[in-house]
Amino acid sequence: MIFTNPAGAPELACDECGCRWFDRMTGACYECGAAVSADSRAEYARALDAFAADRARAGAAAAGKRP
Ligand SMILES: [Zn+2]
């Protein structure tokens, strides 16, 4: 599953236990060891792309006000 954090960034969370600690090298949850499905990873990649595009637009609109 995918959460959106308070900053608006997508975060990938475990489908099994809901935690957000993933080993990105193996694609498995640190807590319960569940593998992240390819679907979930693809969805997360899309969410990240969308977030990056949004942030690029916001950054261009608020030039000089980036943190
Ligand atoms: Zn888990």
Side-chain angles (χ1 to χ4, degrees):
M1 72 184 87
I2 292 178
F3 284 108
T4 301
N5 73 17
E11 289 192 19
L12 186 61
C14 178
D15 285 335
E16 296 297 323
C17 70
C19 85
R20 291 181 234 181
W21 291 97
F22 277 99
D23 184 338
R24 287 167 194 260
M25 298 305 288
T26 61
C29 175
Y30 275 124
E31 283 290 325
C32 68
V36 188
S37 71
D39 279 356
S40 288
R41 274 184 283 185
E43 189 182 349
Y44 180 57
R46 282 197 299 273
L48 272 183
D49 281 350
F51 174 67
D54 277 355
R55 201 166 49 173
R57 270 200 301 276
K65 289 184 64 180
R66 300 176 72 162

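Just so you know, residue 1 is the first one in the sequence shown, and it goes up from there.
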| task | Quick one: list whatever passes side chain to side chain donor-acceptor pair (under 3.5 Å) with Ser37, sequence neighbours left out. | result | Ser40

Without placing hydrogens or testing angles, list every side-chain donor-acceptor pair under 3.5 Å for residues 42-52, not counting sequence neighbours.
none

| task | Quick one: list whatever passes side-chain contact (heavy atoms from CB on, under 4.5 Å) with Thr26, sequence neighbours left out. | result | Asp23, Ala28

| Who else is in Met1's hydrophobic cluster (ILVMFWY, side-chain heavy atoms under 4.5 Å, direct or via others)? | Phe3

| remark: Sorted by chain and number, sequence neighbours left out, salt bridge (charged side-chain N to carboxylate O under 4.0 Å, His left out) with Arg41 holds for none

| request: Mind listing the closest non-hydrogen atom pair of Cys32 and Cys29 along with its distance? | output: N-SG, 3.4 Å

| Taking only residues at least two apart or on different chains, which pairs with a member in residues 6-16 satisfy salt bridge (charged side-chain N to carboxylate O under 4.0 Å, His left out)? | Glu11-Arg20

| With sequence neighbours left out, what residues match Asp54 under salt bridge (charged side-chain N to carboxylate O under 4.0 Å, His left out)? | Arg57

| task | Each residue besides Trp21 in its hydrophobic cluster should be listed here, by chain and number; the cluster joins Ile, Leu, Val, Met, Phe, Trp and Tyr at side-chain heavy-atom distances under 4.5 Å. | result | Tyr30

